[in-house]
Amino acid sequence: MAMEKGLLWTAIGLLAAAVVWAACRYAYFYRKEHFTCPHCGHCWKPPLLRMIFSVNAVEGKILTCPCCGTKEYMEPEKDS
Ligand SMILES: [Zn+2]
């Protein structure tokens, strides 16, 4: 029984770490980064819900540009 409890807490710990990591990543993005549409050059920050539920691809995301409507792979860029 002690063994099972240990596994449960390990799982909860990993989940919590993943949530904290994601929260930090998003906080960093909103403070320091933005996406630039490769099609029209529009700079924007997507709403948090869209960030969470959009498709992750390598470093960036598959997002639809609010300016021209193009669905493209976009990588976060540093705010200047
Ligand atoms: Zn665009």
Side-chain angles (χ1 to χ4, degrees):
M1 274 306 168
M3 182 76 173
E4 276 174 29
K5 251 190 175 167
L7 275 176
L8 184 69
W9 282 113
T10 304
I12 290 171
L14 284 175
L15 198 69
V19 169
V20 168
W21 182 86
C24 289
R25 185 69 191 82
Y26 287 129
Y28 179 80
F29 173 81
Y30 280 104
R31 273 213 313 272
K32 300 250 166 103
E33 295 178 331
H34 64 273
F35 287 111
T36 302
C37 173
H39 189 70
C40 68
H42 181 61
C43 298
W44 61 300
K45 299 191 188 206
L48 184 60
L49 278 180
R50 193 172 298 170
M51 284 290 285
I52 292 169
F53 291 110
S54 60
V55 182
N56 286 292
V58 201
E59 276 289 291
K61 284 177 174 292
I62 309 288
L63 290 164
T64 304
C65 173
C67 187
C68 65
T70 310
K71 199 169 190 183
E72 280 276 7
Y73 166 73
M74 300 184 197
E75 278 188 4
E77 288 176 26
K78 294 261 185 295
D79 285 344
S80 50

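As the structure lists them, so they are numbered: ligands from 1, and atoms in each ligand from 1.
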Beyond-backbone contact of E77 with F35, side-chain heavy atoms, under 4.5 angstrom: no
query: Would a hydrophobic clustering, with Ile, Leu, Val, Met, Phe, Trp and Tyr connected at side-chain separations under 4.5 Å, put I62 with I52?
result: no
query: Does a side-chain heavy-atom distance below 4.5 Å link C65 with C40?
result: yes
- request: Verify the distance test for C40 against the Zn ion (ligand 1): any N/O/S atom under 2.8 Å, yes or no.
  value: yes
- prompt: Does any N, O or S atom in H42 come within less than 2.8 Å of the Zn ion (ligand 1)?
  reply: no
field: Rounded to 10 degrees, the angle SG of C65 makes with SG of C68 at the Zn ion (ligand 1)
entry: 110°
- prompt: Would E33 and R25 count as a side chain to side chain contact (heavy atoms under 4.5 Å, CB included) if you check the C-alpha gap in whole Å, the side-chain angles of each, and the deciding distance to 0.1 Å?
  reply: CA-CA 10 Å; E33 295 178 331; R25 185 69 191 82; 3.4 Å; yes
field: N, O or S of H39 under 2.8 Å from the Zn ion (ligand 1)
entry: no
